[in-house]
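Have a look at the structure below, then the notes.
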Amino acid sequence: MAKTKMQGITKRVGSKFYWIAYQDLSGRTIRKSSGTTNYKEAQVILNKHRQQVLEGKVPEVKVIKNFTFRQLAEDYLVWITRQKDVVNKTRKVKQLVDRFGDLQLRRFSTKIVEDFQTERLKRNKPATVNRLLATLKHMFTKAEEWEMVEEEYLKKVRKVKLLKENNRRLRYLAEDEANTLIANCDPHLQSVVQVALNTGMRKQEILGLQWDENIDLKHGFILLIDTKNNERREIPINDAVREVLNKQIRRLGVPWVFYDPKTGKKWGDIKRSFSSALRRSGIKNFCFHDLRHTFASHLVMAGVDITTVKELLGHKTLSMTLRYAHLAPSHKAAAVDLLNKKLKGGSTSHLLHSLGS
């Protein structure tokens with residue numbers, strides 16, 4: 001027998017709690033979060049409120065204080081310590097705090113957030129602005145769950161749409177540019193860049209490498225477990241990467257492959273030193289993630305098939321890797337030459353059979 005849902009209890013998109021609706025003494029409909037993820041508990045709470053109305057009482061309404069964005073950020077920064085890429089997320093939160101600071105959460109509106117988008121576009125690319133907006137939206141989602149602000153303000157922030165990104169951008173280094181960049185890197189950065197160019201790993205994947213958990217020099221591969229796509233990935237260790245790893249000094253009690261020798265902690269970020277290396281190399285319009293593009297681009301130009309490149313990059317779908325396909329002109333030329341020979345040397349039926357095999 002099908003379970004009958006009680007009228008007045010709903011599950012709203014974006015909220016993990018059940019929401020209840022009932023009429024107060026004046027006949028006005030009151031909608032509020034039950035504060036529970038358990039359906040039966042929500043039923044008990046709703047029945048309690050309805051009973052109070054029948055008895056002529058005013059159901060208790062929880063009063064939410066006027067929290068500021070800074071107060072939300074303090075709680076959020078504690079919460080994200082359990083998440084991946086904590087350093088990068090922390091940086092985004094701090095940028096938002098610099099902008100919104102002590103603004104009360106109830107003062108947020110769609111226009112305020114859209115104005116923020118416009119301001120950031122003057123100095124950042126759409127993709128960067130979108131990452132900040134996504135962080136802001138998630139912070140408000142948690143604020144509503146933590147009862148720091150009402151849902152209506154969450155809705156105002158959610159109404160702001162992401163900007164259109166140019167996902168077709170593909171920037172990679174030529175061989176001489178890559179060698180120049182490596183030569184202009186500080187010693188600690190040089191090793192990280194060489195690994196990036198020879199493995200296609202993401203920055204945080206490289207900085208998070210641990211000897212016992214990720215490195216298998218005996219069998220010659222790097223094992224990534226905690227990846228962006230939540231899928232294990234094995235990356236072969238070539239001679240260049242092996243040389244880098246063999247040069248790294250292992251310190252007792254320090255699990256990291258790349259770490260700050262002064263603190264023994266893994267590098268939090270290398271953005272400043274990387275920017276300096278690019279400036280010394282005369283390389284413009286380039287970011288660390290483009291080293292990943294460089295890795296993939298040179299593999300394709302060397303004749304490696306797209307499927308293999310997909311597996312090495314850890315892409316979930318082939319469509320994500322096909323952006324590099326145009327870099328294999330020799331393969332396209334060979335395919336057209338093959339077709340030309342078949343057209344000249346065989347009948348139509350023979351040609352169709354050959355192409356379909």
Side-chain angles (χ1 to χ4, degrees), residues 84-85 87-89 91 125-128 130-131 165-182 184-185 188-209 214-215 221-238 240-242 244-245 257-258 266-275 277-278 281 283-328:
K84 297 178 185 177
D85 196 7
V87 174
N88 193 31
K89 290 179 180 178
R91 188 185 308 111
K125 296 175 183 177
T128 302
N130 282 345
R131 301 296 87 76
E165 298 181 22
N166 179 17
N167 293 321
R168 298 186 66 82
R169 176 184 181 275
L170 183 61
R171 176 77 165 94
Y172 64 92
L173 298 177
E175 186 175 350
D176 59 334
E177 286 182 305
N179 290 330
T180 299
L181 175 60
I182 292 172
N184 283 296
C185 287
H188 76 282
L189 178 64
Q190 191 174 81
S191 298
V192 174
V193 169
Q194 286 178 313
V195 171
L197 286 168
N198 284 277
T199 64
M201 292 167 62
R202 299 177 178 88
K203 180 169 65 175
Q204 293 304 323
E205 290 175 339
I206 298 173
L207 297 181
L209 287 176
N214 306 111
I215 309 298
F221 66 85
I222 296 174
L223 174 63
L224 297 180
I225 303 172
D226 193 18
T227 67
K228 182 179 179 181
N229 295 331
N230 295 316
E231 293 181 357
R232 288 164 56 98
R233 187 161 99 247
E234 288 186 7
I235 302 172
I237 295 176
N238 63 12
V241 175
R242 185 177 290 276
V244 168
L245 294 175
V257 175
F258 303 107
K266 70 173 182 176
W267 292 108
D269 194 24
I270 50 174
K271 188 174 183 179
R272 184 175 298 179
S273 57
F274 186 70
S275 296
L278 290 174
S281 304
I283 298 173
K284 299 180 180 179
N285 190 30
F286 195 83
C287 63
F288 192 93
H289 193 77
D290 290 329
L291 296 175
R292 182 169 160 87
H293 294 324
T294 301
F295 167 78
S297 299
H298 281 276
L299 283 180
V300 173
M301 288 188 289
V304 178
D305 64 277
I306 288 292
T307 302
T308 299
V309 175
K310 168 186 172 294
E311 292 173 355
L312 288 171
L313 291 175
H315 285 164
K316 277 194 172 184
T317 62
L318 190 61
S319 61
M320 298 174 70
T321 321
L322 285 175
R323 65 191 304 187
Y324 304 102
H326 71 284
L327 296 172

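Side-chain atoms of M320 and L313, non-hydrogen and from C-beta on, never get closer than 4.5 Å to each other. The shortest distance between side-chain heavy atoms of F274 and V193 falls below 4.5 Å. At least one side-chain heavy atom of R171 sits less than 4.5 Å from a side-chain heavy atom of I283.
Using a distance-only test at 3.5 Å, with no hydrogens or angles considered, a donor-acceptor pair links the side chain of D290 to the main chain of C287. Side chain of R292 to backbone of A196: no donor-acceptor contact under 3.5 angstrom is found. A donor-acceptor contact shorter than 3.5 Å is absent between the side chain of S281 and the backbone of N184.
For the residue pair E177 and Y172, the shortest heavy atom distance occurs at OE1-O, 4.2 Å. Taking both residues in full, the closest heavy atoms of E205 and R202 are given as OE1-N, 2.9 Å, listed atom of the first, atom of the second, then distance. Of all heavy-atom pairs spanning A277 and L189, the tightest one is CB-CD2, 4.1 Å. Looking at every heavy atom in both residues, L207 comes nearest to G268 through CD1-O, 4.4 Å. Pairing each heavy atom of L173 with each of H298, the nearest pair is O-NE2, 2.7 Å. Residue T317 comes nearest to K310 through the heavy atom pair C-CE, 3.8 Å, listed as atom of the first residue, atom of the second, then distance.
With rounding to the nearest 0.5 Å, the separation of CD1 in I237 from CG in N198 is 11.5 Å. The CZ atom of R233 sits 10.5 Å away from the CG atom of L223 when rounded to the nearest 0.5 Å. L312 CG to M201 CE: the interatomic distance, rounded to the nearest 0.5 Å, is 12.0 Å. A distance of 11.0 Å separates CD1 of I222 from CD of E234, quoted to the nearest 0.5 Å. Residue L299 holds its CG atom at 10.0 Å from CG of D305, rounded to the nearest 0.5 Å. Note that CD1 of I270 is 7.5 Å distant from CD1 of I206, once rounded to the nearest 0.5 Å.
Taking the six-membered ring where the residue is Trp, Y324 and H315 present parallel rings, their angle staying beneath 30° rather than reaching 60°.
In this structure F258 satisfies the ring pair (Phe, Tyr, Trp, His ring centres under 6.0 Å) test with no other residue, sequence neighbours excluded.
L197 pairs with exactly one of V192, V241, L291 by the side chain to side chain contact (heavy atoms under 4.5 Å, CB included) rule, that one being L291.
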